[in-house]
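Given the structure is predicted, the values throughout are model-derived calculations rather than measurements.
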Amino acid sequence: LLALTAFICIETIMECSPCEGLYFFEFVSCSALVVTGALLLLFSLNLHTRIPQINWNLTDLVNTGLSTFFFFIASVVLAALNHKTGAEIAAVVFGFLATAVYAVNTFLAVKRWRVSSRQQSSRQSSDYMRARTESREVVHRPEIQRLDA
């Protein structure tokens with residue numbers, strides 16, 4: 001919602017002289033809004049369970065980490081290059097708020113990714129131990145005779 005609000009604020013600006021900061025902020029807010037919205041839709045409809053080949057915790061971590069970084073850079077650039085209009089100031093404020101929210105979400109995504117990677121590694125090691133144990137077990141079957149006897 002903060003990315004959407006920042007995007008709406010930046011779209012209400014009618015004219016700008018050096019527009020590079022404004023265009024960069026517009027691109028970042030729109031991109032973050034679209035990608036985060038698509039992931040939110042995937043997660044809320046449980047569509048991510050149909051594609052188990054993708055590490056969704058890592059995907060969420062990368063999205064929130066990149067969004068945090070680019071929102072911070074875009075907000076700093078827009079704050080430095082704005083013309084002190086109300087829409088630009090509001091966009092900068094919502095940009096920094098979105099940065100903070102994405103940073104918190106990145107922290108939570110890191111924790112979730114670490115837990116899932118620990119569970120996956122423990123599951124892989126237990127599968128390895130089970131397979132190794134099964135390969136060492138010898139089943140006595142009298143119907144099979146040794147060839148060297």
Side-chain angles (χ1 to χ4, degrees), residues 1-139 141:
L1 291 174
L2 292 170
L4 176 64
T5 307
F7 181 72
I8 291 170
C9 288
I10 208 70
E11 286 299 314
T12 61
I13 298 171
M14 294 298 171
E15 58 184 70
C16 60
S17 176
C19 297
E20 292 81 15
L22 187 125
Y23 291 153
F24 181 62
F25 189 88
E26 180 181 16
F27 172 75
V28 168
S29 61
C30 183
S31 299
L33 180 66
V34 169
V35 173
T36 303
L39 287 175
L40 180 64
L41 189 66
L42 279 169
F43 288 133
S44 63
L45 296 177
N46 281 333
L47 297 175
H48 66 286
T49 58
R50 294 185 181 187
I51 310 172
Q53 296 85 3
I54 297 175
N55 186 344
W56 291 104
N57 290 327
L58 183 60
T59 303
D60 187 40
L61 173 62
V62 168
N63 174 51
T64 56
L66 288 175
S67 295
T68 302
F69 175 74
F70 283 116
F71 247 119
F72 178 73
I73 297 299
S75 298
V76 167
V77 167
L78 187 63
L81 299 178
N82 72 22
H83 299 92
K84 311 272 189 284
T85 64
E88 286 176 326
I89 293 171
V92 168
V93 169
F94 283 113
F96 280 120
L97 288 174
T99 300
V101 171
Y102 272 115
V104 169
N105 197 6
T106 301
F107 173 75
L108 296 174
V110 166
K111 287 178 64 175
R112 189 170 44 246
W113 177 68
R114 283 184 180 169
V115 167
S116 72
S117 65
R118 275 191 218 127
Q119 289 174 349
Q120 187 177 15
S121 67
S122 69
R123 190 177 330 121
Q124 286 174 348
S125 65
S126 68
D127 287 346
Y128 170 76
M129 291 304 291
R130 182 179 47 81
R132 187 171 174 186
T133 304
E134 287 176 359
S135 69
R136 289 185 179 195
E137 292 175 357
V138 177
V139 178
R141 294 177 27 190

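Nearest heavy atom pair, residue A91 against residue F25, reads O-CZ, 3.2 Å. Looking at every heavy atom in both residues, C9 comes nearest to A90 through SG-CB, 3.8 Å. Here the closest non-hydrogen pair linking N46 and T49 is O-OG1, 2.7 Å. Among all heavy-atom pairs drawn from A32 and S67, the shortest one is CB-OG, 4.0 Å. In terms of heavy-atom proximity, W56 sits nearest to I51 at NE1-O, 3.0 Å. When all heavy atoms of T99 and S75 are compared, the pair lying nearest together is OG1-OG, 4.2 Å.
Enclosure of atom CG in L1 is not indicated, since only 12 or fewer non-hydrogen atoms of other residues, nucleotides or ligands lie within 6.0 angstrom. In the displayed structure, F72 atom CZ is contacted under 6.0 Å by at most 12 heavy atoms of other residues, nucleotides or ligands.
Of the candidates L108, N55, T106, T106 is the only one forming a side chain to side chain contact (heavy atoms under 4.5 Å, CB included) with L61.
By the 4.5 Å heavy-atom criterion applied to side chains, V93 and L97 are counted as neighbours. Under the 4.5 Å side-chain criterion, counting only non-hydrogen atoms from C-beta, L39 is in contact with L42.
Note that CG of L45 is 9.0 Å distant from CG of L40, once rounded to the nearest 0.5 Å. Here L78 contributes atom CG and E20 contributes atom CD; the two are 12.0 Å apart, rounded to the nearest 0.5 Å. Considering CH2 of W113 and OG1 of T59, their distance stands at 12.0 Å, rounded to 0.5 Å. Taking CZ from F43 and OG1 from T36, the interatomic distance works out to 10.5 Å, rounded to the nearest 0.5 Å. Residue S116 holds its OG atom at 13.5 Å from NZ of K111, rounded to the nearest 0.5 Å. Here the CZ atom belonging to F94 is positioned 10.5 Å from the CG atom belonging to L4, to the nearest 0.5 angstrom.
Relative orientation of the F71 and Y102 rings is parallel, given thresholds of 30° and 60° on the angle between their planes.
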Item to complete: Give the intermediate values and the outcome of side chain to side chain donor-acceptor pair (under 3.5 Å) for residues T64 and N105.
Response: CA-CA 7 Å; T64 56; N105 197 6; 5.2 Å; no

